[in-house]
Colleague: 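Mind looking over this structure? Questions follow.
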Amino acid sequence: MGRIIDAILVKGLPKKDLKNANRVDLWAIVWALSMVLSSFLVESGLLTNPYLVIAASLVVLGVGVRVTLAYKYLLARLDEMERKIQYDALALAVGVSLVGFSGYTVLEQAELLPPIQTYLVMSGLVVIYGIGLIIGRIRLS
Amino acid sequence: MNNHLKQLRSDYGWTQQDLASKLDVSRQTIIAIEKGKFDASLPLAFKIARLFKQPIESIFIDGVHSQPQKS
């Protein structure tokens, strides 16, 4: 259990890596909030002007690009073992999502399952990525 | 890949955290390298070799070439 907690808390990373990771987390929170707020405004009918909807989408897109750049910056300077763990977790998340999504699509076309929601795919990616990180850290500890 | 990092580190009287700080990596990375669970990259291997003033091949053991050759 202690190893799992250590894996989640990422103990022992150099300060520069923690600072870069915090920057990614901060931008990711801003991105999530901008997406939730935009969706809420559109769904509640408060944002109906097409130009404003496009502007809101561009804000979400811009913040998303900033998250990606911050993550790229983090990866480029990250402790090399942690970088390998990150790459493995990303590969696991993409692989499982592709295989899972393609399998689901077949079942969906056969009308055995309801259409998949986008937020479920995104949440699944994040959860698998997180599990991949924990597995990687435990495996190499 | 096996290595003599643990032995070298203790010869110098350094802790894993000391070595990690000198190499600018995490203590977990040092632990994993010492246990042979993670192979250091070439730049890190050179950094380690420079730090201990030894050639890379005397610190890291190539599993392929260290096996006895058949006659």
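Every chain is numbered from 1 and lettered A, B, ... according to where its sequence line falls, protein lines coming before strand lines.
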Colleague: How many angstroms lie between atom OG1 of B/Thr29 and atom CG of A/Leu140, to the nearest 0.5 angstrom?
Modeller: 9.0 Å

Colleague: What are the two closest non-hydrogen atoms of A/Glu80 and B/Phe38, and how far apart are they?
Modeller: OE2-CE2, 3.6 Å

Colleague: Please name the pair of heavy atoms, one in B/Ala32 and one in A/Met81, separated by the smallest distance, quoted to 0.1 Å.
Modeller: CB-SD, 3.3 Å

Colleague: How about A/Lys84: does its NZ atom have over 12 heavy atoms from other parts shown lying under 6.0 Å from it?
Modeller: no

Colleague: Same hydrophobic cluster for B/Ile56 and B/Tyr12, using side-chain heavy-atom links shorter than 4.5 Å among ILVMFWY?
Modeller: yes

Colleague: Are B/Ile33 and B/Ile31 connected in a single hydrophobic cluster, I mean Ile/Leu/Val/Met/Phe/Trp/Tyr linked by side-chain heavy atoms less than 4.5 Å apart?
Modeller: no

Colleague: Check this for me: A/Lys72, atom NZ, are more than 12 non-hydrogen atoms of other residues, nucleotides or ligands nearer than 6.0 Å?
Modeller: no

Colleague: How long is the straight-line distance from CG of A/Asp17 back to CG of B/Asp24, given to the nearest 0.5 Å?
Modeller: 7.5 Å

